Amino acid sequence: MAKLQPVRGTHDLLPDEARKHQHVIAAFRDLAERYGYGQIDTPIFEFTEVFDRSLGETTDVVTKEMYTFQDRGGDSLSLRPEPTAGIARAFISGGLAQHLPLKFYAYGPMFRHERPQKGRLRQFHQLDIEVLGVPEPLADIEVIALGAHLLEVLGVRQKVTLELNTLGDTESRTAYRDVLIGYFSGHEASLSEDSRMRLKRNPLRILDSKDEGDRRIVAGAPQMGDYLNQVSKDFFQKVKDGLDALGQAYTVNDRLVRGFDYYTHTAFEFTTTLLGAQSAVIGGGRYDHLIEYMGGPSTAGIGWGCGIERLVMLLDEPPAPERPVAVIPVGADGEAEALVLTQQLRRAGVKTDLAFRGNVGKRMKQANKVNARIAVLVGGDELARGVVAVRDLDSGEQTEVAREKVVAQLGGN
RNA sequence: GUGGCUGUAGCUCAGUUGGUUAGAGCGCGGGUUUGUGGUACCUGAGGUCGUGGGUUCGAUUCCCAUCAGCCACCCCA
């Protein structure tokens, strides 16, 4: 530690930035509660196995992006790279299956050892929504609607588009996957190095390759739509119908895929073109086999995650903080009385600032700096007469108010 | 993890074709006004020119490494 600098890819949230984060979180909490979701808060670290099993041992996130360490007892633990695995684990270990259906919301820091870029940090924050035990498409629709609603409330809805796809059920998906492997294997020599790797690990991912050569091959690839069975088609149709009924616009993007086998049916992302390569603001999907895959009872699930930092970057200025009243002592006797008045105002619910030092001029400047709306000058001959000076800092208008009436008068504002 | 661009005061940036004391604006401190702010004027503080090493009589300037940010890939939130 040659220099006192933050660890790469981490960031201090100073008050201005923290305020934006809290603005997002407050909106999220409010909406989630309104939709009937309850907060769940799981630990930021788990046994490494929890993530290995849920995300798959061959995925990038698990193989090279996790912060994994041995604790003093010799257990392998990992900082959570995403929220769903921990919630699924809590569901299983807490025996929550008897309370289905469950609707959860969560938020907090996540950790991935990636190369940082704008909108991509090593410690970042996510909002998360999960619905467990609801195999019906109505849950998909609700969860997407909640995401759209959040974006709308935050005033960024127009900066983002909804992309939608289906991966089908296990049968459809397996069939398609086999066909795809067959097709791409026939073109293996022409595929990019990355995609040859994907062919082994995650063939669906080749579909959204950005490599030009890959794209030519992908253009001739079999379509997911042709391999969906009736159940899968019906499910997707119901999701689309529901979104249509809500007037929720979307684009079907058949390149939008998910990596793991437990994913089924709906996959969606709210994307933007304003954040460079980091286009996904909200990403989610249905994971009907995750809980089972992790060793729990077969339980349907759907949810999404949303990057707070990315959302904040799309945000216009959030509402300014409330402007305080500045109490300004005049003289030594004024200071004692100013302290008392300050606390009285605070107890009455008035945001109040009392500068710690300086003469009247200094503290008036300080009042300006904290953007006070009113200055109350306490002390001197006014105090002897039982009054204080109340000055409107915008208009410069100053009046005298009886000391015992100040709190009532300012409390009304 | 791969390739590339960048790194000078708290912030935004100028500058040094290698050579004595590195500049501006904003911000910050003090003052004009020891009982009245926001404007104006005066004034002050603040930089081992990201860090380490090399070349050189001499490096902030050239070279290498390293750290960090950014861009693309990758991955995704």
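As the structure is a prediction and not an experimental result, all values here were calculated from the model. Chain A is the first sequence line, chain B the second, and so forth, proteins listed ahead of strands; every chain is numbered from 1.
Taking atom CG of A:Leu127 as the reference point, atom P of B:A77 lies 13 Å away to the nearest angstrom. Atom-to-atom, NZ of A:Lys118 to C1' of B:A72 comes out at 14 Å; the value is rounded to the nearest Å. Atom P of nucleotide B:A77 and atom NE2 of A:His21 are separated by 17 Å, given to the nearest angstrom. When rounded to the nearest whole Å, the span between CG of A:Leu377 and P of B:G37 equals 10 Å. If you measure from atom CG of A:Leu121 to atom C1' of B:C76, you get 13 Å, rounded to the nearest angstrom. Between the CZ atom of A:Phe268 and the C1' atom of B:C76 there is a distance of 15 Å, given to the nearest Å. Residue A:Arg112 contributes atom CZ, which lies 5 Å from atom P of B:A77 at whole-angstrom precision. In this structure, A:Glu65 places its CD atom 13 Å from C1' of B:C73, rounding to the nearest Å.
B:G29 and B:U55 have their P atoms separated by 47 Å, with the value rounded to a whole Å. Nucleotides B:C62 and B:U17 have their P atoms positioned 11 Å apart, rounded to a whole Å. Comparing the C1' positions of B:G18 and B:C57 gives a spacing of 12 Å, expressed to the nearest Å. Separation of the C1' atoms belonging to B:C73 and B:G27 is 39 Å when rounded to the nearest angstrom. Using P as the reference atom, B:G25 and B:U43 are 12 Å apart when rounded to the nearest Å. When the P atom is compared between B:U60 and B:C49, the two are found 6 Å apart, to the nearest whole Å. Between B:G44 and B:G38, the two C1' atoms lie 22 Å apart (nearest whole Å). Separating the P atom of B:C11 from that of B:G69 is a span of 15 Å, rounded to the nearest Å.
Residues A:Thr264 and A:His289 have side chains that never bring a donor and an acceptor to within less than 3.5 angstrom of each other.
Ring planes of A:Tyr227 and A:Tyr176: tilted class, angle from 30 to 60°. Relative orientation of the A:Phe268 and A:Phe270 rings is perpendicular, given thresholds of 30° and 60° on the angle between their planes.
A side-chain donor-acceptor contact under 3.5 Å links A:Thr48 to the backbone of A:Ser76. Distance alone, capped at 3.5 Å, is enough to place a donor-acceptor pair between the A:Arg122 side chain and the A:Glu114 backbone.
One finds a side-chain N or O of A:Arg8 lying less than 4.0 angstrom from the OP1 or OP2 phosphate oxygen of B:G69. Between A:Lys210 and B:C73 there is a side-chain N or O to OP1 or OP2 distance below 4.0 Å. Look at A:Arg310 and you won't find any side-chain N or O under 4.0 angstrom from OP1 or OP2 of B:C76. Between A:Arg391 and B:U36 there is no side-chain polar atom (N or O) within less than 4.0 angstrom of OP1 or OP2.
Residue-to-nucleotide proximity on RNA chain B shows that, of A:Ser209 and A:Gly305, the 5′-proximal contact is made by A:Ser209.
Heavy atoms of A:Gly334 sit nowhere under 4.0 angstrom from any nucleic acid atom. A:Val330 comes within 4.0 angstrom of a base, heavy atoms only. Residue A:Asp381 is in base contact, counting any heavy-atom pair closer than 4.0 Å across all strands shown. Using a 4.0 Å heavy-atom distance criterion, A:Gly119 is classed as a base contact. The residue A:Gly9 sits close only to the backbone: its heavy atoms come under 4.0 Å of sugar-phosphate atoms, none of a base. Within the 4.0 angstrom heavy-atom criterion, only backbone atoms of the sugar-phosphate kind lie near A:Gly283; the bases stay farther away. As judged by a 4.0 angstrom heavy-atom cut-off over every strand, A:Ala277 is placed among the base-contacting residues.
A:Tyr263 and A:Arg173 make their closest contact through O-NH1, 3.4 Å (heavy atoms, listed as atom of the first residue, atom of the second, distance). Minimum interatomic distance between A:Val257 and A:Leu167 (heavy atoms only, all atoms of both residues): CA-CD2, 4.1 Å.
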**Request:** Spell out protein contact along nucleotides 1-11 of chain B as letters: B when the base is contacted, S when just the sugar-phosphate is, - when no protein heavy atom is under 4.0 Å; keep the 5' to 3' order.
**Result:** BBBB-------

**Asked** Once each nucleotide of nucleotides 27-32 of chain B is scored for protein heavy atoms under 4.0 Å, what B/S/- sequence comes out, 5' to 3'?
**Response** -SSSS-

**Message:** What verdict does the side-chain hydrogen bond (donor to acceptor under 3.5 Å, both in side chains) test give for A:Gln366 and A:Arg357, after you've listed the backbone C-alpha separation in whole Å, the side-chain angles of each residue and the deciding distance to 0.1 Å?
**Reply:** CA-CA 10 Å; A:Gln366 178 63 21; A:Arg357 69 168 66 89; over 6 Å; no

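Here the two rings, on A:Tyr105 and A:Phe28, have centers that are under 6.0 Å apart. Aromatic pair A:Tyr107/A:His125: centroids not less than 6.0 angstrom apart.
In terms of polar N and O atoms assigned as donor or acceptor, the side chain of A:Asn368 never comes within less than 3.5 Å of the base of B:G38 in a complementary pairing.
No more than 12 heavy atoms of other residues, nucleotides or ligands shown are found within 6.0 angstrom of CG on A:Leu138. For A:Tyr183, the OH atom is densely surrounded, since the number of other residues' heavy atoms within 6.0 Å is greater than 12. Other residues, nucleotides and ligands place more than 12 heavy atoms under 6.0 Å from the CD atom of A:Glu337. Residue-environment remark: CD (A:Gln158) exceeds the threshold of 12 foreign heavy atoms within 6.0 Å. A:Lys233 NZ: more than 12 foreign heavy atoms inside a 6.0 Å radius. Under a cut-off of 6.0 angstrom, the local environment of CD in A:Glu212 is sparse, with at most 12 non-hydrogen atoms contributed by other residues, nucleotides or ligands. A 6.0 Å sphere centred on NE2 of A:His187 holds more than 12 heavy atoms belonging to other residues, nucleotides or ligands. Atom CZ of A:Phe47 has 12 or fewer heavy atoms from other residues, nucleotides or ligands within 6.0 Å.
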**Pair pattern of RNA chain B in dot-bracket, where unpaired bases get dots and | marks partners in another strand, Watson-Crick or G-U under 3.5 angstrom** = (((((((..((((.....[...)))).(((((.......))))).....(((((..]....))))))))))))....

Produce the list of close N/O pairs, under 3.5 Å, pairing protein atoms with atoms of nucleotides 42-48 of chain B; give distances to one decimal.
none

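Residues from residues 190-199 of chain A with heavy atoms under 4.0 angstrom of RNA chain B, sorted by number: A:Asp194, A:Arg198.
Listed by first and then second residue, the salt bridge (Lys or Arg N to Asp or Glu O under 4.0 Å) pairs involving residues 339-353 of chain A amount to none (not counting sequence neighbours).
Of all nucleotides listed (B:U36, B:A77, B:C67), B:U36 comes nearest to the side chain of A:Val360.
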